[in-house]
Enquirer: 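Pasting a structure here, questions to come.
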2 protein chains.
Amino acid sequence: MKFSKATNYALHSMVFLAVIPSGKTIGVKSLADVQKVSPTYLSKVLTNLVKAGFVESVTGVNGGYKLIKDPKEITFLDVIQAIEGKASFFQCGLENNIHDRRNCMIENVMNEAEQKMEEHLTLNTIAGVAEKVNADMITHIHTAAN
Amino acid sequence: MKFSKATNYALHSMVFLAVIPSGKTIGVKSLADVQKVSPTYLSKVLTNLVKAGFVESVTGVNGGYKLIKDPKEITFLDVIQAIEGKASFFQCGLENNIHDRRNCMIENVMNEAEQKMEEHLTLNTIAGVAEKVNADMITHIHTAAN
DNA sequence: CTAATTATAGACTTACAATATCTATAATAT
DNA sequence: ATATTATAGATATTGTAAGTCTATAATTAG
Ligand code: SF4
Ligand code: SF4
């Protein structure tokens with residue numbers, strides 16, 4: 001089971017946004033270049049992050065995206081759910097009443113497993129990885145001139 | 001993120017196989033009926049469980065499938081991986097050398113999260129859920145006459 | 001031995017969501 | 001006024017999951 005490419009792009013974009021000087025913007029072109037993805041597609045991904053309230057977009061010359069929420073407060077799970085939604089691992093698909101569905105053991109095990117995963121993704125923030133990121137990663141991203 | 005329907009079918013089939021009297025077989029038709037899925041498709045799913053060494057198939061009249069491994073020894077993760085493979089949550093997709101890839105923090109967090117999930121799926125076995133399954137579930141499945 | 005039953009395998013189709021592109025529009029700075 | 005930037009909607013492409021169809025092989029009952 002894999003997370004989508006969109007989620008991958010979103011996580012990387014958030015890290016890039018977190019490592020640049022606070023307040024500066026990065027254009028989608030720059031973010032797209034470094035991740036080898038088309039700007040229009042990445043733009044759609046980033047729009048989800050805007051809607052989630054993590055970043056803000058600025059149109060016009062020297063515009064782009066910038067963080068508007070403290071990256072210490074943005075967890076991996078937050079970013080993942082902003083892109084993938086909240087559908088859970090497992091859902092009983094049988095509408096017929098084979099049996100009493102209360103306390104389905106299969107569903108319980110799966111949901112608990114999902115919870116373990118989510119716990120860990122909640123303990124790790126964008127700020128947490130941003131501060132450990134290798135310096136040469138930063139040199140590849142360009143903030144707006146301004 | 002969701003597990004596939006095939007995984008859902010596989011888990012249910014394993015539970016059904018675990019709750020019937022040991023040694024008896026269940027035909028794919030019966031397993032398919034109760035899960036509202038086509039027999040030919042379910043057959044493909046079950047073949048993966050055969051290849052994984054959990055069940056055995058018996059052709060001919062009164063044939064079908066039966067467990068050949070102690071369900072106490074078959075974990076949820078075993079079944080899931082038999083169907084979905086072992087691709088992990090996250091993989092760095094950038095071949096260019098943006099930066100030093102050793103100790104990628106993003107990948108680390110994701111893999112740790114996956115590990116937490118897998119730990120829990122390893123602690124739970126088919127036997128574990130089979131013994132807690134509601135009795136009326138069993139009445140819906142039919143073993144070979146024999 | 002024959003016929004019915006059952007699983008297997010391969011080729012094929014269908015359905016659907018992820019990924020991506022294109023274009024028109026709106027907002028902003030210079 | 002013009003260049004620059006993001007947004008949104010329509011559309012196209014790709015890839016994988018899901019499902020079907022058919023021929024074949026194995027087994028058992030009679
Ligand atoms: S065992 Fe759980 S998932 Fe399966 S049909 Fe029952 S309630 Fe639904
Ligand atoms: S941050 Fe990690 S996943 Fe991203 S390009 Fe670097 S090594 Fe790959």
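Reckoned from all heavy atoms, side chains included, excluding hydrogens, waters and symmetry mates. Remember, it's a predicted structure, so these values are computed and weren't measured experimentally.
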Enquirer: Do the side-chain N and O atoms of Thr7(B) and Ser4(B) include a donor-acceptor pair separated by under 3.5 angstrom?
Expert: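 Yes, a side-chain donor-acceptor pair sits under 3.5 Å.
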Enquirer: In terms of side-chain heavy atoms of Thr59(B), which of dT28(C), dA18(D), dA7(C) is nearest?
Expert: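 Within the option list, the nearest is dA7(C).
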Enquirer: Side-chain heavy atoms nearer than 4.5 Å, only ILVMFWY residues, links allowed to pass through others: does that put Ile106(B) and Val19(A) together?
Expert: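 In one cluster with Ile106(B): Val19(A), yes.
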Enquirer: Shared ILVMFWY cluster between Met105(B) and Leu121(A), side chains joined below 4.5 angstrom?
Expert: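 Met105(B) clusters together with Leu121(A).
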Enquirer: Tell me: CE of Met1(A) to C1' of dA18(C), nearest whole Å?
Expert: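 It works out to 17 Å between those atoms.
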Enquirer: Report the residue (Lys29(A) or Phe3(B)) whose heavy-atom-nearest nucleotide on DNA chain D is the more 5′ of the two.
Expert: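 It is Lys29(A), whose closest nucleotide lies nearer the 5' terminus.
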Enquirer: When you look at Phe3(A) and Phe89(B), which way does the ring-ring contact (aromatic ring centres under 6.0 Å, His included) test go after all the steps?
Expert: CA-CA 6 Å; Phe3(A) 283 108; Phe89(B) 278 2; 5.0 Å; yes
Enquirer: Hey, can you pull the residues of residues 42-51 of chain A with a non-hydrogen atom under 4.0 angstrom from DNA chain C?
Expert: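 Those residues are Lys44(A).
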Enquirer: Could you tell me how far apart Lys66(B) (NZ) and dT27(D) (P) are, to the nearest whole angstrom?
Expert: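 Those two atoms, NZ and P, are 12 Å apart.
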Enquirer: In terms of relative ring orientation, are Tyr41(A) and Tyr9(A) parallel, tilted or perpendicular, with 30° and 60° separating the classes?
Expert: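 Correct class here is perpendicular.
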Enquirer: Step by step, work out the side chain to side chain contact (heavy atoms under 4.5 Å, CB included) result for Glu84(B) and Met1(A).
Expert: CA-CA 7 Å; Glu84(B) 310 238 336; Met1(A) 199 172 42; 4.1 Å; yes
Enquirer: Rounded to the nearest 0.5 Å, how far does CD1 of Ile80(B) lie from CE of Met117(B)?
Expert: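 The CE atom of Met117(B) sits 6.5 Å away from the CD1 atom of Ile80(B).
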Enquirer: Figure out the CD/C1' separation between Gln35(A) and dA20(C), and round it to whole Å.
Expert: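 Those two atoms, CD and C1', are 15 Å apart.
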Enquirer: Ignoring backbone atoms, establish whether Ser38(B) has a side-chain N or O less than 4.0 Å from OP1 or OP2 of dG19(D).
Expert: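 Ser38(B) to dG19(D) OP1/OP2: no side-chain N or O under 4.0 Å.
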Enquirer: Counting just side-chain N and O atoms, does Tyr65(A) come under 4.0 Å of either OP1 or OP2 of dT7(D)?
Expert: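 Yes, within the criterion.
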Enquirer: Does a side-chain N or O of Tyr41(B) approach OP1 or OP2 of dA15(C) to a distance below 4.0 Å, or not?
Expert: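 For Tyr41(B), the contact criterion (side-chain N or O under 4.0 Å from OP1 or OP2 of dA15(C)) is not met.
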Enquirer: Between Val61(A) and Ser57(A), just flag the one whose closest nucleotide in DNA chain D comes earlier from the 5' side.
Expert: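 Between the two, 5'-proximity favours Val61(A).
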Enquirer: Can you tell me the distance, in whole Å, between the CD1 atom of Ile26(A) and the C1' atom of dA6(D)?
Expert: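 Answer to the nearest Å: 15 Å.
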Enquirer: Given dA18(D), dT23(C), dA29(D), identify the nucleotide with an atom nearest to the side chain of Thr40(A).
Expert: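 The answer is dT23(C), which lies nearest to the side chain.
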